[in-house]
Amino acid sequence: QVQLVESGGGLVQAGGSLRLSCAASGRTFSSYYMGWFRQAPGKEREFVAAISWHGGSTYYADSVKGRFTISRDNAKNTEYLQMNSLKREDTAVYYCAADPVGGAIAAQKAYYYWGQGTQVTVSS
């Protein structure tokens, strides 16, 4: 069992930056691929980014590539999502998730554990 708690969301102007954190407790954090997903109002939840067990591989949705950076600190049992050059369309609830296999990293069904989400609102 893994418990995930996101933090760092908030209100930011377009062009600004935020850093989200996801603190994990429970079983060994480094045993999981970690991901970020988001859900905008009226839309389905979508993949944002993922990172391999020790951070050697990262993956991004095309919509955030070059603007967002995923990272992790296994010593602190924490993953991060640095979001720069934010746009209004980045407004969503952001969720972190843990995947014990590391196969279909963009598929929600691959992730066993989910956080409760943190709201990110980008204003113009």
Side-chain angles (χ1 to χ4, degrees):
Q1 189 79 14
V2 175
Q3 293 79 40
L4 303 172
V5 179
E6 302 97 335
S7 61
L11 175 64
V12 63
Q13 287 191 331
S17 299
L18 279 176
R19 188 176 82 155
L20 305 183
S21 299
C22 174
S25 61
R27 298 183 65 181
T28 306
F29 178 69
S30 59
S31 298
Y32 296 88
Y33 262 60
M34 296 298 296
W36 287 97
F37 289 76
R38 67 185 181 186
Q39 187 167 21
K43 295 187 177 181
E44 294 186 354
R45 190 157 57 184
E46 64 178 4
F47 170 76
V48 174
I51 188 167
S52 59
W53 299 290
H54 297 286
S57 297
T58 56
Y59 312 86
Y60 297 94
D62 288 343
S63 59
V64 306
K65 201 170 294 183
R67 300 188 297 121
F68 290 12
T69 302
I70 189 172
S71 62
R72 66 190 297 163
D73 185 339
N74 288 346
K76 295 182 178 180
N77 285 1
T78 303
E79 74 158 340
Y80 305 96
L81 185 68
Q82 178 66 44
M83 305 186 295
N84 298 330
S85 303
L86 282 161
K87 306 175 181 180
R88 288 191 65 185
E89 51 264 43
D90 295 318
T91 295
V93 177
Y94 284 71
Y95 299 89
C96 67
D99 169 15
V101 177
I105 52 92
Q108 295 184 52
K109 63 182 181 181
Y111 292 80
Y112 285 23
Y113 305 106
W114 293 81
Q116 83 289 348
T118 186
Q119 177 70 48
V120 171
T121 303
V122 184
S123 65
S124 59

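Computed from a predicted structure; not experimentally measured.
To the nearest 0.5 angstrom, Phe68 atom CZ is 7.5 Å from Ser63 atom OG. Rounding to the nearest 0.5 angstrom, the gap separating the NZ atom in Lys65 from the OG1 atom in Thr58 is 9.5 Å. Atoms CG and CD, on Leu20 and Gln82 in that order, are 9.0 Å from each other to the nearest 0.5 Å. Here the CE-CG distance, from Met34 to Leu81, works out to 11.5 Å after rounding to the nearest 0.5 Å. The distance from atom OG1 of Thr91 to atom CD of Gln119, rounded to the nearest 0.5 Å, is 7.5 Å. The SG atom of Cys96 sits 7.5 Å away from atom CD of Gln116, with the distance rounded to the nearest 0.5 Å.
In this structure, Ile105 is not a member of the same hydrophobic cluster as Leu4, with clusters built from ILVMFWY side-chain heavy atoms closer than 4.5 Å. The same ILVMFWY cluster, assembled from side-chain heavy atoms under 4.5 Å apart, contains both Tyr60 and Leu86. Under the 4.5 Å side-chain heavy-atom criterion for grouping Ile, Leu, Val, Met, Phe, Trp and Tyr, Phe29 is not connected to Val5 through any hydrophobic cluster. Linking ILVMFWY side-chain heavy atoms closer than 4.5 Å, directly or via other members, places Val64 and Val120 in a single hydrophobic cluster.
Contact record, Arg88 with Ser124: CD-CB, 3.5 Å, taken as the closest heavy-atom pair. In plain terms, the two heavy atoms of Ala50 and Tyr111 that are nearest each other are CB-OH, 3.6 Å. Smallest separation of non-hydrogen atoms from Ser52 and Arg72: O-NH1, 2.8 Å. Contact record, Ala106 with Phe37: O-CE2, 3.7 Å, taken as the closest heavy-atom pair. Contact detail for Ala110 and Ala104: the closest heavy-atom pair is CB-O, 3.4 Å. Residues Ser85 and Ser17 approach most closely at N-OG, 4.4 Å, considering heavy atoms.
Judged by distance alone, the side chain of Tyr32 and the main-chain N or O of Val101 form no donor-acceptor pair under 3.5 Å. Using a distance-only test at 3.5 Å, with no hydrogens or angles considered, a donor-acceptor pair links the side chain of Glu6 to the main chain of Gly117.
Gln1 has its side chain within reach of Tyr113: a pair of non-hydrogen atoms, C-beta onward, lies under 4.5 Å apart. With a 4.5 Å cut-off on side-chain heavy atoms, Tyr59 and Phe47 count as touching. Two residues are said to be in side-chain contact when any heavy atoms from C-beta on lie closer than 4.5 Å; Val12 and Met83 fail this criterion.
Under the side chain to side chain donor-acceptor pair (under 3.5 Å) criterion, the residue pairs touching residues 94-109 are Arg38-Tyr94, Arg45-Gln108, with sequence neighbours excluded.
Within 6.0 Å of the CD atom in Glu89, the count of heavy atoms belonging to other residues, nucleotides or ligands exceeds 12.
Under the 30°/60° scheme for interplanar angles, the aromatic rings of Trp53 and Tyr33 are found to stand perpendicular.
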Next on the checklist: Is there a side chain to side chain contact (heavy atoms under 4.5 Å, CB included) between Asp73 and Tyr80? Walk through the geometry before answering.
Outcome noted: CA-CA 8 Å; Asp73 185 339; Tyr80 305 96; 4.1 Å; yes
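Ion pairing between a basic and an acidic side chain is recognised when a charged N comes within 4.0 Å of a carboxylate O; Lys87 and Asp90 show no such pairing.
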